[in-house]
Every structure is written in C-alpha cells, then in structure tokens.
Amino acid sequence: MKRPVITIAQLAAHADQEVTLRGWVYNWRKKGKLRFVILRDGFGYLQCIVFRPEVSDETWETAVELTQETSVEISGKLVADERAPGGYELKADDLKILGTSPEYPLGKKDHGVDFLLNKRHLWLRSKRQHAIMRVRSEAQFAIREYFQSRDYTLIDSPILTPAACEGTSTLFETDYFGEPAFLSQSGQLYLEPAAAALSKVFCFGPTFRAEKSKTRRHLTEFWMVEPEVAWLQFDGLLDLCEDFLSEVVSRILDRCAVDLERLERDTSKLEASTSTPYPRIDYGDAINKLKELGCQIEHGDDFGGDDETLLANLYDRPVLVTRYPADLKAFYMQPDPKDPTRALAVDVLAPEGYGEIIGGSERSASLEHLEKQIKLHGLPREAFEWYLDLRTYGSFPHAGFGMGLERFVSWMCGIPHLREAIPYPRLINRLYP
RNA sequence: UCCGCAGUAGCUCAAUGGUAGAGCGGGUGGCUGUUAACCACUAGGUUGGGGGUUCAAGUCCCUCCUGCGGAGCCA
C-alpha cells in the first residue's frame with residue numbers, strides 16, 4: 001500500500017492514518033524490545049516507536065543501527081498519545097536508512113562556542129538555531145513588507161566599489177582586473193541618486209567592515225537595510241525610525257511567538273517597543289544625563305558601549321539620540337541650522353543593552369558644504385564626482401537610515417552575541433565554514 | 001593594534017608541584033513507555049607548540065600559536 005508522504009507540520013490532518021515521513025534522527029532511546037526514535041524534519045519533532053514483536057526482522061535490524069542524525073524514511077500508523085512529546089507518535093512498521101551518520105560530533109550536552117562555530121553547518125540543525133533562523137527570515141520579510149507596502153522601490157546597491165563610501169571604516173580590498181576595488185561598507189551613497197530617481201527607495205544586502213572588532217556586537221559581514229527618502233527632513237526621519245521599528249517589532253511578536261518561546265525570550269520586554277512615540281533625547285542632554293549617572297564622558301565624546309547601555313536602560317523602548325557633534329559623524333550629513341557644529345544625525349539605541357541598531361541622518365543638499373567636507377575629511381574628490389552631481393542637478397532635501405539586521409534579530413531573540421543571528425558568521429579570525 | 005582570561009580524552013570539564021579522572025559520545029550486553037532514559041562492562045591521552053626552574057611540572061617562569069571577552073571603530 002502506498003502511503004502519503006507528510007511532514008510533521010501536517011500531523012493533525014492525518015491522525016489514525018498510515019503515513020510516511022522523511023527526516024533525520026534527532027535522538028533515540030532503547031528500552032528492551034522498544035526503540036524510541038525522535039524524528040526531525042525541519043518542521044517539527046515526532047516520536048516514532050519500533051516494537052520488536054510487531055515489526056519484521058529487517059525493520060528491527062535497521063532500527064538497531066540508527067544513530068543521531070541518520071536520515072531515514074519511516075512509515076507506520078500515526079496515533080495520538082499523551083506520552084509522546086507533541087501529542088502524536090508514529091507506530092513504525094517500515095524503516096529505511098537513507099544516509100548513515102557515524103559518530104555525529106554534536107552531542108546532547110553543552111558545547112563551547114569555538115567548537116560550535118567550527119561545526120556551524122551542523123549546529124544549524126539544533127532547535128535553538130532553527131528558532132533564530134526563522135526569526136531572521138521573518139524579520140527580513142517584515143522589513144521588505146514595511147517598505148514595499150509604502151511605495152518604496154528596492155534598489156540593490158553594488159558590493160564592489162571603487163572607493164570608500166564614508167572614508168571612515170577599514171574596507172576589504174580586492175583585485176578588480178588589476179585595479180583595487182573594495183567591498184561595500186554601506187549602500188547609502190548609491191541610494192541617494194536612486195532617491196532622486198524614484199523618490200522613496202531602500203536597499204537590503206550584505207555589507208563589509210574590515211575593522212578588527214572583537215566584540216559581541218560586531219561581524220565583518222552583516223546585512224543592513226537602508227531606506228533613503230526624497231524631501232524627508234530630520235523630524236520626518238525620526239518619525240520614520242520609530243514607525244518602522246514599532247511596526248517590524250509588532251510583526252515579529254505576531255508571527256514568531258513559537259520561536260521566541262523556544263528561545264525563552266521574555267516578550268513582555270518587547271511589548272513597549274510596539275507603540276510610539278519613542279523617547280528622543282538631544283546629544284547634549286544625553287551627555288549631561290550620563291555625567292549625572294557618573295560616567296567619565298565629556299561633551300564632544302562619542303558614546304562607548306557601556307554608555308549606550310546605561311542610557312538605553314533608562315527607557316522601556318528604543319531611544320533616539322539626536323544632533324551629534326558634526327565631527328563625530330560622516331562627511332555627508334546636514335549641519336543643524338541652529339548650531340552648525342552639530343549634525344542632523346540620529347542613533348537609535350535598543351533597550352536591554354543591544355546598543356545602536358539604527359544610524360541615520362538628513363543628508364547635506366549643499367554642493368559647497370560637501371566639497372568643503374570632502375576636503376576636510378581628506379577624501380579624493382574625483383571618487384565623489386558622481387555623488388556631487390546630485391547637488392548640481394536638482395539638489396533636494398533627503399534623509400535616510402541604516403539598520404543592522406543581526407543587531408535587530410539579536411535584540412528580538414534575546415541572544416547575547418551577533419554570531420548566532422546570521423547563518424554563517426564572519427568574524428575576525430573566522431572564515432570557516 | 002591594546003588590555004584581561006583560557007587551552008587536559010571526540011565533546012563538556014575535574015585533578016595542594018608527587019600514579020592524569022568523571023559525565024556525555026563510541027563499542028558490548030540488559031530492560032515493553034522512554035522524555036538530554038537508566039544499569040553493567042569496555043576502548044579512548046605526546047595535558048596547544050617550544051624552551052626553562054625542580055629530585056619531580058597538567059600545575060611555576062619565559063615565549064609563540066589558537067580561541068574567548070573587552071577597548072577603539074561602527075550597524
């Protein structure tokens with residue numbers, strides 16, 4: 001009799017039926033003439049029972065050979081059983097090994113981080129990693145949905161670039177037919193021309209930073225979403241940041257409840273972030289507040305990781321820190337008309353110590369100002385001719401921000417280190433697997 | 001690049017300067033309801049590399065390597 005092949009997501013519709021499933025042996029236990037096989041198929045887990053008196057010798061011999069992560073095709077009758085995790089179990093009568101798995105290296109007990117990262121390709125098979133990858137997938141979907149449902153056009157910015165985008169970070173250099181080329185650290189400069197073309201645009205792709213950062217908040221390859229909007233000015237940018245974040249957080253809470261529960265995420269700590277407004281604090285006031293709290297920080301300094309955490313912990317939702325000193329920020333930012341030593345820049349700090357998840361600004365529309373800034377930052381003007389063209393041919397006010405996907409996902413999942421928020425993390429000293 | 005911590009069995013970790021151990025995983029056997037099952041037996045080591053101190057070094061010292069955490073920089 002040919003039995004339907006189903007997945008563990010479809011169990012309820014096939015109760016008391018004869019079915020076939022394919023998957024991997026997550027775990028197995030033996031108890032005399034009984035074998036409990038926990039099958040994993042990417043959708044869930046199903047306990048399968050092989051009972052010696054009720055199966056053929058061949059099936060029994062096969063069951064005896066099962067090891068962790070053996071891939072199998074298993075058939076039998078699906079029954080509801082309170083003793084089984086998940087509520088259903090399969091009374092197996094036929095079992096085929098599709099691929100053996102001798103001495104699977106990941107055990108049921110704890111492993112160290114270095115070992116797990118070296119086995120990242122296998123680590124992805126664990127329950128916790130499934131949950132994180134699904135949250136990441138859902139976050140990417142929600143982000144694209146947010147922008148595309150609001151008439152933004154997705155513009156893919158180049159990854160190979162001829163020069164530094166912002167002239168600040170260290171870039172990965174590669175050989176481009178004998179010429180130096182660099183892996184992009186930001187799509188923004190390429191997005192601004194697209195905003196002049198299509199008004200509301202965003203890019204969402206990988207970016208690269210060659211800084212030798214060794215912290216839980218840094219990757220050398222990470223994904224960033226960057227909207228850029230024509231006619232948007234600073235106050236509108238702040239509104240966009242909080243509307244975007246609150247909307248995406250809401251969707252994660254709606255759609256990833258099961259995964260967040262598996263990750264033991266206290267979602268009550270995310271609830272406040274689903275509603276606006278978010279607190280906004282001027283850079284100068286933030287410095288004063290930090291000094292009150294006993295920080296060794298002066299006006300003109302950038303925030304350290306601890307300062308960010310301290311500041312963010314004053315609020316139950318992300319806080320927008322505004323109007324940074326211009327010389328802390330990139331060359332293209334618009335100076336505050338009320339105080340030209342400040343830039344119309346915003347950093348959004350996530351709660352619970354997850355740090356800066358968004359950095360944005362209104363961009364300078366003035367050719368003269370940008371020419372001055374490029375000189376001041378020691379950047380080669382030739383490399384930016386095309387960028388300056390935007391201020392020559394119909395210059396326009398515009399603004400945008402960038403959000404690091406992994407920092408956002410880490411915050412949603414409540415995981416301490418960015419390396420778990422991306423399938424194959426690239427870190428200083430780690431390019432494998 | 002700088003500061004701090006670590007490296008012992010396949011994995012996670014013990015071991016006053018004095019005979020290198022346990023749990024998990026592997027192997028063999030037992031058990032008809034296990035939930036990271038349990039029980040018994042068993043195999044498994046150049047203690048990251050090199051040098052030094054000492055009667056004696058996993059342990060103390062120097063050095064290199066690797067990893068982790070943090071700083072700087074940033075999302």
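Order of the sequence lines fixes the chain letters, A, B, ..., with proteins taken first and strands second; residue numbering starts at 1 for each chain.
The base-pairing partner of B:A20, taking Watson-Crick or G-U wobble contacts with both distances under 3.5 Å, does not exist among the strands shown. Across the strands present, B:A40 finds its partner in B:U28; the criterion is a Watson-Crick or G-U wobble pair with both atom distances under 3.5 angstrom. Remark: B:U1 base-pairs with B:A71; criterion is Watson-Crick or G-U wobble with both hydrogen-bond distances under 3.5 Å. The nucleotide B:U59 finds no pairing partner, because no Watson-Crick or G-U wobble arrangement with both distances shorter than 3.5 Å includes it. In this structure, B:A6 forms a base pair with B:U66, meeting either the Watson-Crick or the G-U wobble geometry with both donor-acceptor distances under 3.5 Å.
With 3.5 Å as the limit, one finds no donor-acceptor pair spanning the side chains of A:Tyr332 and A:Glu192. A side-chain donor from one of A:Gln129 and A:Arg120 sits under 3.5 Å from a side-chain acceptor of the other.
Closest to the side chain of A:Arg209, from the set B:C68, B:G72, B:C74, is B:C74. When distances are taken from the side chain of A:Glu211 to each of B:U34, B:C73, B:U32, the shortest belongs to B:C73. Taking the side chain of A:Glu103 as heavy atoms from C-beta on, and the options B:U1, B:U32, B:G26, the nearest nucleotide is B:G26. Candidate nucleotides B:A75, B:U12, B:C73 were compared by shortest atom distance to the side chain of A:Phe115, and B:U12 ranks first. In the set B:C68, B:G29, B:A71, the nucleotide with an atom closest to the side chain of A:Asp306 is B:A71. Among B:C74, B:C31, B:A71, the nucleotide with an atom closest to any side-chain atom of A:Lys30 is B:C31. Taking only side-chain atoms of A:Lys33, from C-beta outward, the nucleotide of B:G30, B:U32, B:G33 with the closest atom is B:U32. The side chain of A:His218 approaches B:C74 more closely than any other nucleotide in the set B:C31, B:C74, B:C68.
Counting any heavy atom pair closer than 4.0 Å across all strands shown, A:Ile38 reaches no nucleic acid atom. Across all strands shown, A:Gly112 has heavy atoms under 4.0 Å from sugar-phosphate atoms exclusively, and none from any base.
A distance below 6.0 Å separates the ring centres of A:Phe303 and A:Tyr283. Two rings, from A:Phe115 and A:Trp123, have their centers 6.0 Å or more apart. Ring centroid separation for the pair A:Phe244 and A:Phe401 comes in under the 6.0 Å cut-off. Ring to ring, A:Phe384 and A:Phe331 are close: their centroids are under 6.0 angstrom apart.
Side chain A:His111 to base B:C11: no donor-acceptor pair is found below 3.5 Å. Counting atom types as modelled, A:Ser213 pairs no side-chain N or O with a base atom of B:C74 as donor and acceptor under 3.5 Å. Counting atom types as modelled, A:Arg407 pairs a side-chain N or O with a base atom of B:C74 as donor and acceptor under 3.5 Å. Judged by atom type and distance alone, A:Glu89 reaches the base of B:G33 through a side-chain donor-acceptor pair under 3.5 Å.
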(request) Apply side-chain contact (heavy atoms from CB on, under 4.5 Å) to A:Glu211 and A:Thr170, showing your working. (result) CA-CA 5 Å; A:Glu211 272 133 9; A:Thr170 318; 3.9 Å; yes
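Annotation: cation-pi geometry satisfied between A:Arg150 and A:Tyr146 (NZ/CZ under 6.0 angstrom from ring centroid, within 45° of ring axis).
Within the structure, every side-chain polar atom (N or O) of A:Lys31 is placed at least 4.0 Å from both OP1 and OP2 of B:C31. Proximity of A:Arg216 to the phosphate of B:A71: no side-chain N or O atom is located under 4.0 Å from OP1 or OP2. Taking side-chain N and O atoms only, A:Asn429 has a distance below 4.0 Å to OP1 or OP2 of B:G67.
The aromatic ring of A:Tyr104 does not sit over the base of B:G25; the criterion of centres under 5.5 Å apart with planes under 30° is not met.
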(request) Would you mind building the protein contact string for nucleotides 3-8 of chain B? One character per nucleotide, 5' to 3', B for base within reach (heavy atoms under 4.0 Å), S for sugar-phosphate only, - for untouched. (result) ------
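Comparing A:Ile49 and A:Asn27, the nucleotide of RNA chain B nearest to each residue sits closer to the 5' end for A:Ile49. Mapping A:Leu427 and A:Trp223 onto RNA chain B by nearest heavy atom places A:Leu427 at the nucleotide closer to the 5' end.
Looking at A:Asp93 and A:Lys91, no side-chain N of the basic residue comes within less than 4.0 Å of a carboxylate O on the acidic one, giving no salt bridge.
For the C1' atoms, the distance linking B:A40 with B:A6 amounts to 37 Å, nearest Å.
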